[in-house]
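The chains referred to below are lettered A, B, ... by the order of the sequence lines, with proteins before strands, and numbering in each begins at 1. Both backbone and side-chain heavy atoms feed into the values below; hydrogens, waters and symmetry mates do not. Quantities reported herein were computed from a predicted structural model and do not represent experimental measurements.
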Number of protein chains: 2
Amino acid sequence: MTKVIPMRERILDATAELLVEHGTQASMSKIASRAEVATGSLYNHFESKDVLIRAVYERLAEQVTALLVEGDDPSATPEQRLDRYIDNYIDFIWNDPSRAILFEYLSNVPLLPARDLIQSFRGSSDYIAEILQDLRASGWLMDAEPFLMGGFIGGAIRNTLKWQRTYDRPLTDADRQQIKTMCLQSLRRME
Amino acid sequence: MTKVIPMRERILDATAELLVEHGTQASMSKIASRAEVATGSLYNHFESKDVLIRAVYERLAEQVTALLVEGDDPSATPEQRLDRYIDNYIDFIWNDPSRAILFEYLSNVPLLPARDLIQSFRGSSDYIAEILQDLRASGWLMDAEPFLMGGFIGGAIRNTLKWQRTYDRPLTDADRQQIKTMCLQSLRRME
DNA sequence: GTGACAACTGAATGAAGGTTCATTCACTGA
DNA sequence: TCAGTGAATGAACCTTCATTCAGTTGTCAC
């Protein structure tokens, strides 16, 4: 039953959907009817459209951070932790296409300055930076800024899967393995 | 002197600027005044706002394709050609930040379906796919879809440089070399 | 039941934005 | 010199939209 979902959540869900369909041009009245709520009610929960959109992004950022860290075992080897991180990243992008599109869109909208956005992901970027730091200490990793490497594999995964999605291609186990291998190789120290 | 730039170009330039600043919410009247042109004149050159924005993207796609292929020598080895492609890609993203932001934004705006967008880049994606095909034949490359690999390094470069830009970090020669190495390693066949 | 309080509703409002079109005017060719 | 042309103009039009608020509904205490 729909009614058990709290109104605030319903509003955020509807906004997320309409942002994917129409971008920030999505009107408040359309958001309201998608959420099966009166337009005025939007303002009981969010001060303005701007605040509402930011809230969507913040909720998304929390979900993403949680997903990327999911199943992590801090006592595992850095290799294993990196491996799981990459798997989680692929799942995050692939399992929910409209979430991935929303993420990509909001990350590039002028309304939300890039500076603020990256700030929302401090959690997950610090997390991967730490793992990479450990790997570097063990000599496994190439000698580069963890910061730079984190951006590299994240962008690589997102864009590869975006193309795959856009062309309605499946993601086979072989494809997934391929992507993982490419990520790992790119970071590896070579003689 | 400003006046020698044809009106159509002035309009496209102004639109590009305002898209970066305000996204598709940029109003036609603001575009007109930025271009030092009457609002009505916009409609002498472009049927609608929608068409205008598409035209901006198309012009951008042409510029990008030209830049990526720039300086290519078809008789060079595939390794050299790939090397140059990566250099060109880095230059394209780094040399003109607002162009890079515009590119990233328009690539993710719901107004322009992803399908159409990738279509606009057929030229450059076929180009890199061809080079990768050659490299694969020579055994240098790993055994993966050129399509997948093209998406991988493109996304990787764009995202790495986006973070770098967002944090006002410079792009040193060492950074550039690092990124190149990561791209090449990710594609390399390993024992 | 009744009163008090909060949450919700959706029509009303005024501002803003995309598009149109009657008019202007620099230029052309006769 | 002058009629003809069509690009350029920008005020006006109409729609859409974010936001407001007076009224309604639901809830809980007593």
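Of the possible polar contacts, one joining the A/Gln185 side chain to the B/Arg188 backbone as a donor-acceptor pair under 3.5 Å is found. Remark: the backbone N or O of A/Trp94 is not paired with any side-chain donor or acceptor of A/Arg165 at under 3.5 angstrom.
With rounding to whole Å, A/Leu42 atom CG is found 12 Å from D/dT20 atom P. C/dA16 atom C1' lies 13 Å from atom CD of A/Gln25, rounded to whole Å. The CD1 atom of B/Ile31 sits 17 Å away from the P atom of C/dA16 (whole-angstrom rounding). Rounded to whole Å, atom C1' of C/dA16 lies 14 Å from atom NE2 of B/His22. Taking atom CE on B/Met7 and atom P on C/dA26, their separation rounds to 14 Å, with Å as the unit.
B/Met142 has its side chain within reach of A/Gln178: a pair of non-hydrogen atoms, C-beta onward, lies under 4.5 Å apart.
Backbone-only contact: B/Ser27 has heavy atoms under 4.0 Å from sugar-phosphate atoms and none from a base.
Within residues 47-60 of chain A, no residue has any heavy atom under 4.0 Å from DNA chain C.
For B/His45, a side-chain nitrogen or oxygen approaches OP1 or OP2 of D/dA8 to under 4.0 Å.
Between A/Arg84 and A/Asp91 there is no salt bridge, since no side-chain nitrogen of the basic residue lies less than 4.0 Å from a carboxylate oxygen of the acidic one.
Each of A/Lys30 and A/Thr39 was assigned the nucleotide of DNA chain D with the nearest heavy atom; the assignment lying further toward the 5' end belongs to A/Lys30.
Between A/Arg34 and A/Ala14, the shortest heavy-atom distance links the atoms CG-CB, 3.6 Å. Closest of all the heavy-atom pairs between A/Leu187 and A/Leu141 is O-CD1, 3.5 Å.
A side-chain hydrogen bond (donor to acceptor under 3.5 Å, both in side chains) with A/Ser75 holds for exactly one of A/Asp73, A/Thr77, A/Asp72; it is A/Asp73.
Out of C/dT19, C/dT9, D/dT9, the shortest distance to the side chain of B/Val37 is found at D/dT9. Picking from D/dG10, C/dT9, C/dT19 the nucleotide with the shortest atom distance to the side chain of A/Ala38 gives C/dT9. Picking from D/dA11, C/dG18, D/dA8 the nucleotide with the shortest atom distance to the side chain of B/Met28 gives C/dG18.
Relative to the six-membered ring of B/Phe147, A/Arg169 meets both conditions, a distance below 6.0 Å and an angle of at most 45° to the axis.
Judged by distance alone, the side chains of A/Tyr57 and A/Asp116 never bring a donor and an acceptor atom under 3.5 Å apart.
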Would you tabulate the pairs of protein nitrogen or oxygen atoms and nucleotide nitrogen or oxygen atoms of nucleotides 21-28 of chain D closer than 3.5 angstrom?
none

